[in-house]
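Worksheet: one structure, shown below.
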Number of protein chains: 2
Amino acid sequence: MATPFHNPSCQHCKDRFSSVFCKAEQCNLEQIAEAKVCSVYRKGQVIFHEGAYPFGVYCVNDGKIKLSHSGDDGREQIVRLIKAGDIMGYKALLSNERYTATAMALEDSSICFIPKDLFLSILQKDASLSFEMMRILSSELRKAELKITHLAQKPVRERLAETLLFIKETYGLEEDGHTLSVRLSREEIANLVGTATESAIRLLSEFKKDGMIELEGKKIRLLDMTEIIRTANLQD
Amino acid sequence: MATPFHNPSCQHCKDRFSSVFCKAEQCNLEQIAEAKVCSVYRKGQVIFHEGAYPFGVYCVNDGKIKLSHSGDDGREQIVRLIKAGDIMGYKALLSNERYTATAMALEDSSICFIPKDLFLSILQKDASLSFEMMRILSSELRKAELKITHLAQKPVRERLAETLLFIKETYGLEEDGHTLSVRLSREEIANLVGTATESAIRLLSEFKKDGMIELEGKKIRLLDMTEIIRTANLQD
DNA sequence: GGGGGGCAATGATATGCGTCAAGGCAGAAT
DNA sequence: ATTCTGCCTTGACGCATATCATTGCCCCCC
């Protein structure tokens, strides 16, 4: 299982200024720092599982996580990619229901757990934190609705190009300025696009043939950004 | 355009207990009651338009509204159905961006407008209202993510059955206990399901032939709920 | 009454994409 | 080395679904 250890400070957390808590009041941060428990999860480990009851929220200190629903037939649909500074598990907590998604580490990650009661009580007191939460929720909702529209209307080819851009936006590129800095299996890419694994593979090959990308195992290099954007056919 | 008139009280609004504001503090309700402007929108009128800047939130007093994105090729995707007691337009306001969806009245509706500054300032002060907003946002996000999974994984037939159930959940049935109490065009149903109009029509005819539903113009009667639920193949 | 416009319905056709099947390749295990 | 296992890749096939085209219906308007 995950290795727990105490991290004494939230005020000095490396992603303090990009996270929800950047707006929280100082005294509340101190309380969180005291109560939270940080753990390291290895690649492939599950942080929480669809159907389980939430006991708190998770704040990612370092690493990459995928959040996915498992559909009726067992196929997974990735609904969100999470990076350092993001929090997860708040939806279930706020609506007081069970998790509707499973969180799994895409690489070794260090994650802080903040107990439910503390989080909720601070949320009651701290208007800035509440507001920031609402901003995050709104933004996620906006993205989700856009994804709905694209799933309903765009062909797989466009969605794949869009997904590549989305991965780049989320996790960025390596030093060379071309390689996506996350390693996803073809199946995971397909589950992000919302298509069959074979279709994703075939289209990636096409993209490669057209000189838009380069493939080397799980490494994906974006060569011709202009063409990728054109293929994604974004206009809203 | 819409006909504006002043409605003196929010405290006595007919949907006060089912809306976000049911948890708001009394004094804040009074402030809202003073500042808000109520208008009647006729069927087909646009309340706000994708791309416009938000100046406040809308609270539906009575009526039915569709919220839709218009995709690249102009086809619309309905992302939410709104009923009395619901609010809309908060997403754009909270994330401080332009509207990403267009709101159009599905029937004559009476809608209150609450100015941006007032709404935001009350949100800062009123923790209960904030919390309620977060609950709503969480719940919408959950629904949106579920819809993403279904769009990606379920065939149109299942999604249509699911959509019929969703319309029933949202707007309920007429007195006969069978007829959906909203009139949608075939195109609107298709845009809700995320499919072509012809496909929606064909499958509705099939449902009818199988005795699941009855069609009479825009009236849809759900006859065999068990079979509809079975067809929707819900399990999460 | 007779057009005209919008919407519903249905058929014909095309195709994107999912599914099934088989083979290749690389890294792990023995 | 050698098997094994998991993942990637490619091909063949068929179906679900989009698209195009036509017809009919109903309601409104002149």
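Below, read A as the first sequence line, B as the second, and so on, with proteins coming before strands; counting in each chain starts at 1.
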Heavy atoms of B/Lys218 and B/Ser185 approach each other most closely as CE-CA, 3.9 Å
Dump the pairs, protein N or O against N or O of nucleotides 17-20 of chain C, anything under 3.5 Å, distances to one decimal.
residue: C/dC17; atom: OP1; partner: A/Val156; partner atom: N; Å: 3.0
residue: C/dG18; atom: OP1; partner: A/Thr195; partner atom: OG1; Å: 3.0
residue: C/dG18; atom: OP2; partner: A/Thr195; partner atom: OG1; Å: 2.7
residue: C/dG18; atom: OP2; partner: A/Ala196; partner atom: N; Å: 3.4
residue: C/dG18; atom: OP2; partner: A/Ser199; partner atom: OG; Å: 2.5
residue: C/dT19; atom: O4; partner: A/Arg202; partner atom: NH2; Å: 3.1
residue: C/dC20; atom: N4; partner: A/Glu198; partner atom: OE2; Å: 3.3

Salt bridge B/Arg159-B/Glu162, side-chain N to carboxylate O under 4.0 Å: no
Nearest-Å distance, CD1 (B/Ile201) to C1' (C/dC7)? 8 Å
For residues B/Leu160 and B/Phe207, determine if any side-chain heavy atom of one lies less than 4.5 Å from a side-chain heavy atom of the other. yes
Which residue in the set A/Asp86, A/Val79, A/Leu81 passes side-chain contact (heavy atoms from CB on, under 4.5 Å) when paired with A/Leu67? A/Val79
What's the angle between the local helix axes at either end of the helix from C/dG1-D/dC30 to C/dT30-D/dA1, using five pairs per end and rounding to 10 degrees? 30°
Note: contacts of residues 208-220 of chain B with DNA chain D (heavy atom, under 4.0 Å) are none
Checking A/Lys91 against B/Glu145 for the salt bridge (charged side-chain N to carboxylate O under 4.0 Å, His left out) test, could you report, in this order, the C-alpha distance in whole Å, the side-chain angles of both residues, the deciding distance, and whether it holds? CA-CA 11 Å; A/Lys91 222 178 356 129; B/Glu145 289 180 349; 2.7 Å; yes
Sequence-distant partners of A/Lys43, side-chain contact (heavy atoms from CB on, under 4.5 Å), two or more places apart: A/Asp108
Does A/Arg183 come within less than 4.0 Å of A/Glu174, counting only side-chain N to carboxylate O? yes
Full working for side chain to side chain contact (heavy atoms under 4.5 Å, CB included) between A/Ile111 and A/Ser39: CA-CA 5 Å; A/Ile111 300 170; A/Ser39 308; 5.7 Å; no
So, does A/Asp176 use its side chain to make a donor-acceptor pair with the main chain of A/His178 at under 3.5 Å? yes
d(CZ, B/Arg186; P, C/dT10) in whole Å: 10 Å
If every non-hydrogen atom of B/Arg80 is compared with every non-hydrogen atom of B/Ile87, which pair is closest and at what distance? NH1-O, 4.1 Å
Salt-bridge test for A/Glu76 and A/Lys66: reply yes if a basic N is under 4.0 Å from a carboxylate O, no otherwise. yes
Checking B/Ile47 against B/Met88 for the side chain to side chain contact (heavy atoms under 4.5 Å, CB included) test, could you report, in this order, the C-alpha distance in whole Å, the side-chain angles of both residues, the deciding distance, and whether it holds? CA-CA 10 Å; B/Ile47 294 99; B/Met88 56 188 185; 3.9 Å; yes
Going 5' to 3' along DNA chain D, which are the first and last nucleotides with any atom under 4.0 Å from a heavy atom of chain A? D/dC7 to D/dA12
For residues 197-206 of chain B, the side chain to side chain donor-acceptor pair (under 3.5 Å) pairs (sequence neighbours left out) are B/Arg157-B/Glu206
